[in-house]
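Just so you know, these numbers come straight off a predicted model, no measurement behind them. Just so it is clear: chains get the letters A, B, ... in the order the sequence lines come, proteins before strands, and each one is counted from 1.
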2 protein chains.
Amino acid sequence: MISQAVQDYLKSIYKLQQENPDDSVSTTDIAKDLDVSGASVTGMIKRLDTMGMVDYSSYKGVKLTEKGEKVALEIIRFHRLIETYLKEMLGFPLDKIHDEACRLEHHISEEFIERINKLLGEPKFDPHGHPIPSKDGTIIEYEEKPLSEIEPGGEYYISRLSDTDQKLLAYLELMNLMPNIKIKVIDKAPFKGPITISYNGSEKIIGNEVASNIFVKIQ
Amino acid sequence: MISQAVQDYLKSIYKLQQENPDDSVSTTDIAKDLDVSGASVTGMIKRLDTMGMVDYSSYKGVKLTEKGEKVALEIIRFHRLIETYLKEMLGFPLDKIHDEACRLEHHISEEFIERINKLLGEPKFDPHGHPIPSKDGTIIEYEEKPLSEIEPGGEYYISRLSDTDQKLLAYLELMNLMPNIKIKVIDKAPFKGPITISYNGSEKIIGNEVASNIFVKIQ
DNA sequence: CAATAAAATTAATCAAATCTAAATATTTTT
DNA sequence: AAAAATATTTAGATTTGATTAATTTTATTG
């Protein structure tokens, strides 16, 4: 059996690897992400290495092996399907689904996942706009940019909301700034100033900080 | 935080106490129920005692305190609501819900439980016929007897199916021998012989072993 | 009621996952 | 390129929950 701790480490390494695909992942980054000490990470990573989940050599960081990535994607599949289910079928608000899914993802059976996947109509994206890996571990990739980097003019679709700040998510849901909404940047004040956007037939002004957590599909 | 292990011990003690309300619960019984060594039970029970969850004195067995019983009933509430939800909303077969609920009960939030409780219409019984404790810890009690001890004649309602043997549960579901079904004992062969029953407009013959896992409401 | 069997406890270990403090590498800065 | 700063690892300890083996207590039985 793969313990919850092992699953959490693999998920974290996968995430950090995605954010920075060229470098290997440092123990400090993992420690920060999981909020544990660096020493704990070194210890766990040695275990993951002997388990064949990561490639590791002292002071050089880690990379997931194919096996490790497969396990990570399975957990991410579970996480995102549970999130989608909590939102769509149980009516959870957007800012509550991440934490709940983080706990449940480790304890739900394959059968449970298959049932909710069917009930949801085999969704391809979770409520934040993250792609849901398929059962065989393939995951949709697409180009996106934070709204804060988009110049005025042109229409875009919101692809994804960052799910790290739950309070911000609650605000975005309230504003109806959700994935698949068509959006236009009307004006962008300099020096990280406020951004005027138009969507759902009306204009709104949001801060740069908020806009940097909204991603839009490009091309 | 109350650990999963602590929750499991309290649940087990509650169950054993229900089965035999006069005696205190022995460490051996707990060990058997949880499939751990007797030494582990002694260790944990000392902890539960210092936590104020049980009353314990060496070689004399344990009894839940009011506090311990309250925690046990909370977990049982979670367990039974999850079971009901798995059956009613996700279409799980009767023999799969217990194990899944046993894992999930420790990791689901109060909010999740409240939402499914509402969606299910605040059910009073789970699919096996166990009463679901209310939020404040009250639980419906009623008189019942195993079908194997019922003499021919008279009509009864199935109140509960024993949920220990999952294969047997699958058989009972197949036979449509479910809680709230009206049933009549037509004939009972001596020496734990087969029992002829009538329900849903037809007659069936079942073994004594099977009948001893079906309980009917009396009075 | 003493001998034996069964139940329960104690003692000593183990494993997973964590921590702090100290030591060692690596990177950055001057 | 040496000094300083940062990152990483090692060493040793802790907690939780489990184990086996040995011992002690309680219950049974001839």
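Atom CG in A/Asp49 sits about 11 Å away from atom P in D/dT9, given to the nearest Å. Residue B/Lys46 contributes atom NZ, which lies 7 Å from atom C1' of C/dT10 at whole-angstrom precision. Going from atom CD1 of A/Ile45 over to atom C1' of D/dA7 covers 13 Å, rounded to whole Å. The distance between atom OH of B/Tyr59 and atom C1' of D/dT25, rounded to the nearest whole Å, is 4 Å. As a whole-Å value, the separation of A/Met44 CE from C/dA16 C1' is 8 Å. Put simply, CD1 on B/Ile30 is 14 Å from P on C/dA7, counting in whole angstrom units. In this structure, the CE atom of A/Met1 is 19 Å from the P atom of C/dA15, given to the nearest Å. If you measure from atom CG of B/Leu48 to atom P of D/dT16, you get 13 Å, rounded to the nearest angstrom.
Closest to the side chain of A/Ala39, out of C/dT20, D/dT20, D/dT9, is C/dT20. With distances taken from any side-chain atom of B/Thr27 to the nucleotides D/dA18, C/dT9, C/dT18, the minimum falls on C/dT9.
In summary, B/Glu151 and B/Lys188 engage in a salt bridge, as defined by a charged side-chain N under 4.0 Å from a carboxylate O. Ion pairing between a basic and an acidic side chain is recognised when a charged N comes within 4.0 Å of a carboxylate O; B/Lys87 and B/Glu173 show such pairing. At a threshold of 4.0 Å, the pair B/Lys11-B/Glu105 counts as salt-bridged, since one of the basic side-chain nitrogens sits closer than that to a carboxylate oxygen. Salt bridge present: B/Arg77 and B/Glu114 bring a charged side-chain N and a carboxylate O closer than 4.0 Å. Salt-bridge annotation for A/Arg115 and A/Glu111: present, with a side-chain N of the basic residue lying under 4.0 Å from a carboxylate O of the acidic one.
In terms of phosphate contacts, B/Lys60 brings no side-chain nitrogen or oxygen within less than 4.0 Å of OP1 or OP2 of C/dA7. The side chain of A/Ser40 places no N or O atom within less than 4.0 Å of a non-bridging phosphate oxygen (OP1 or OP2) of C/dT18. For the pair A/Ser37 and C/dT18, the criterion of a side-chain N or O lying under 4.0 Å from OP1 or OP2 is not met.
Here the rule is side-chain hydrogen bond (donor to acceptor under 3.5 Å, both in side chains) with B/His107, and of A/His107, A/Arg103, A/Glu100 only A/His107 fits it.
Note on ring orientation: taking the six-membered ring where Trp is involved, the planes of A/Phe112 and B/Phe92 are tilted (angle from 30° to 60°). Ring geometry, A/His98 versus A/His128: the interplanar angle exceeds 60°, so the pair is classed perpendicular (tilted spans 30 to 60°).
A/Asp126 and A/Thr84 share no side-chain donor-acceptor pair at under 3.5 Å.
Contact check of residues 50-57 of chain B against DNA chain D (heavy atom, cut-off under 4.0 Å) returns no residues at all. Within residues 2-14 of chain B, the residues approached by DNA chain D to less than 4.0 Å at the level of any non-hydrogen atom are B/Ser3, B/Ala5, B/Tyr9, in residue-number order.
Within 4.0 Å of A/Thr42, counting heavy atoms only, lies at least one base atom of the nucleic acid.
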